[in-house]
Amino acid sequence: MGKFEVLDHPLIQHKLTIIRDKNCGTREFREVVNEIAELMAYEVSRDMPLEDVEVETPITVTTKKSLAGKKVVIVPILRAGLGMVDGILELIPAAKVGHVGMYRDEETLKPVEYFVKMPENMESREIFVVDPMLATGGSAIMAVDALKKRGAVTIKFVCLVAAPEGVKALREAHPDIDIFAAALDDHLDENGYIVPGLGDAGDRLFGTK
Ligand code: PRP
Ligand code: URA
């Protein structure tokens with residue numbers, strides 16, 4: 001069974017409170033989402049594989065560690081997942097970026113897939129699927145389905161705010177993946193919004209309604 005971990009570093013908690021505020025404007029929301037994503041990436045990448053490499057320092061030749069294997073892939077779930085990509089790239093600049101386009105039908109709350117574009121060799125890469133919100137879990141489940149269909153094996157799901165309903169659904173559908181959240185909130189309301197949450201992450205990031 002993959003793990004579920006809340007990354008509640010004080011800086012992450014502080015920044016998350018800033019963007020929960022309904023008066024936080026688009027510009028600040030965007031900046032702070034990226035800052036939180038960068039802080040989360042530090043923890044999420046903790047078990048990245050290393051290999052021994054020889055390095056010649058000004059003093060001597062020595063063997064030290066360097067990242068091993070194929071490049072990480074960051075996969076934002078469009079649209080709102082895009083808000084987390086630049087923050088993660090600050091830490092892992094060589095990462096590749098795949099995209100999964102998906103929106104939640106507002107009547108049925110079911111996700112609708114509209115775009116998938118991934119790098120090659122997905123089976124041998126570590127993949128970070130990112131989306132600020134894990135609500136019913138429908139979008140995350142469908143995104144991971146789409147990745148597994150393309151050969152992906154090692155998948156981590158990274159979100160800012162998770163609802164217990166979404167965590168349960170995602171763990172049941174994909175017990176092999178790790179899930180990281182900055183916060184585990186209380187519940188979903190009758191419209192499928194996370195309570196207390198931060199509202200519609202996509203609209204707040206992009207200034208739409
Ligand atoms: C939001 C959010 C997730 C999804 C979560 O996207 O960014 O992708 O809802 O809900 P779920 O867990 O119930 O599936 P939305 O459909 O609003 O699209 P957007 O990113 O284009 O705004
Ligand atoms: N999608 C969002 O953007 N916010 C929620 O609270 C739930 C789904």
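Just so it is clear, the structure is predicted and the values come from calculations on it, not from any experiment.
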Closest non-hydrogen atoms of A163 and A135, given as atom of the first, atom of the second and distance, are CB-O, 3.7 Å
Donor-acceptor pair, T208 side chain versus R204 backbone, under 3.5 Å? no
d(E35 CD, L39 CG) to nearest 0.5 Å is 7.5 Å
Distance col, row M40:CE vs C159:SG, nearest 0.5 angstrom, shows 6.5 Å
Here the gap from L78 atom CG to K117 atom NZ, rounded to the nearest 0.5 Å, amounts to 13.5 Å
Taking distance alone, no hydrogens or angles, what donor-acceptor pairs closer than 3.5 Å link side-chain atoms of residues 180-189 to residues at least two apart or in another chain?
{"from": "D185", "atom 1": "OD1", "to": "R20", "atom 2": "NH2", "distance (Å)": "2.8"}
{"from": "D185", "atom 1": "OD2", "to": "R20", "atom 2": "NH1", "distance (Å)": "2.8"}
{"from": "D185", "atom 1": "OD2", "to": "G197", "atom 2": "N", "distance (Å)": "2.7"}
{"from": "D189", "atom 1": "OD1", "to": "N191", "atom 2": "N", "distance (Å)": "2.8"}
{"from": "D189", "atom 1": "OD1", "to": "G192", "atom 2": "N", "distance (Å)": "3.1"}
{"from": "D189", "atom 1": "OD1", "to": "Y193", "atom 2": "N", "distance (Å)": "2.9"}

Separation between CG (L198) and CG (L16), nearest 0.5 Å, reads 6.5 Å
E106 atom CD, over 12 foreign heavy atoms within 6.0 Å = no
Practice task
Evaluate side chain to side chain contact (heavy atoms under 4.5 Å, CB included) for T136 paired with R104, printing each intermediate quantity in order.
Solution key: CA-CA 10 Å; T136 64; R104 213 167 63 141; 4.0 Å; yes
Is I177 reachable from I88 through a run of hydrophobic residues whose side-chain heavy atoms are each under 4.5 Å from the next?
-> no
All heavy atoms of P175 vs all of E172, minimum pair found to be CD-O, 3.7 Å
Between the side chains of D52 and K65, is the shortest nitrogen-to-carboxylate-oxygen separation below 4.0 Å, so that they form an ion pair?
yes
Q) Going by heavy atoms in the side chains, are H174 and D145 under 4.5 Å from each other? A) yes
- Task: Please report the C-alpha distance between L134 and V167 in whole Å, then the side-chain angles of each, then the deciding distance to 0.1 Å, and finally whether the side chain to side chain contact (heavy atoms under 4.5 Å, CB included) criterion is met.
- Result: CA-CA 7 Å; L134 177 62; V167 175; 4.0 Å; yes
**CA sep, side-chain torsions, deciding dist, call: L147, V75, side chain to side chain contact (heavy atoms under 4.5 Å, CB included)** = CA-CA 9 Å; L147 294 174; V75 178; 4.3 Å; yes
Would you say that more than 12 heavy atoms from the other residues, nucleotides or ligands in this model lie under 6.0 Å from the NZ of K148, or not?
yes
To the nearest 0.5 Å, atom OG1 of T26 lies from atom CD of E31 at 11.5 Å
Note: M118 and V116 closest approach over all heavy atoms is CE-CG1, 4.0 Å
Interatomic distance, CG@N23 vs CD@E28, rounded to 0.5 Å, equals 10.5 Å
List the atom pairs, with distances to 0.1 Å, where a side-chain N or O of residues 3-10 and a protein N or O form a donor-acceptor pair under 3.5 Å, not counting sequence neighbours.
{"from": "K3", "atom 1": "NZ", "to": "E5", "atom 2": "OE1", "distance (Å)": "3.4"}
{"from": "H9", "atom 1": "ND1", "to": "L11", "atom 2": "N", "distance (Å)": "3.0"}

message: If we ignore hydrogens and angles and just use 3.5 Å, is the side chain of R171 paired with the main-chain N or O of I179 as donor and acceptor?
response: no
As a quick check of understanding, evaluate salt bridge (charged side-chain N to carboxylate O under 4.0 Å, His left out) for K110 and D105, giving each step before the final call. CA-CA 5 Å; K110 296 268 178 273; D105 183 296; over 6 Å; no
Residues P76 and V97: closest non-hydrogen pair is CD-CG1, 3.8 Å
Evaluate the criterion side chain to side chain contact (heavy atoms under 4.5 Å, CB included) for residue pair D176 and M1; output intermediate values, then yes/no. CA-CA 5 Å; D176 53 312; M1 187 79 171; over 6 Å; no
Quiz prompt | Exam field: side chain S45 to backbone M48, donor-acceptor pair closer than 3.5 Å | solution = no
Quick one: does R30's side chain have a donor or acceptor within less than 3.5 Å of a partner on L205's backbone? yes
For P119 and V73 the tightest heavy-atom approach is CG-CG1, 3.7 Å
Quiz item: Taking the side chain as C-beta and beyond, is there a heavy-atom pair between V33 and M84 under 4.5 Å?
Solution: yes
**Asked** Would you say V85 and F157 are hydrophobically clustered, going by side-chain heavy atoms of ILVMFWY under 4.5 Å?
**Response** no
**Study point:** Exam field: side chain R150 to backbone A146, donor-acceptor pair closer than 3.5 Å
**Key:** yes
Nearest heavy-atom contact between N34 and G83 is OD1-O, 2.8 Å
For a quick test of your reading: what N or O donor-acceptor pairs under 3.5 Å do the side chains of residues 122-132 make, sequence neighbours left out?
{"from": "S124", "atom 1": "OG", "to": "N121", "atom 2": "O", "distance (Å)": "3.3"}
{"from": "R125", "atom 1": "NE", "to": "E120", "atom 2": "O", "distance (Å)": "2.8"}
{"from": "R125", "atom 1": "NH1", "to": "K71", "atom 2": "O", "distance (Å)": "3.1"}
{"from": "R125", "atom 1": "NH2", "to": "E120", "atom 2": "O", "distance (Å)": "3.3"}
{"from": "E126", "atom 1": "OE2", "to": "K156", "atom 2": "NZ", "distance (Å)": "2.8"}
{"from": "D131", "atom 1": "OD1", "to": "M133", "atom 2": "N", "distance (Å)": "3.1"}

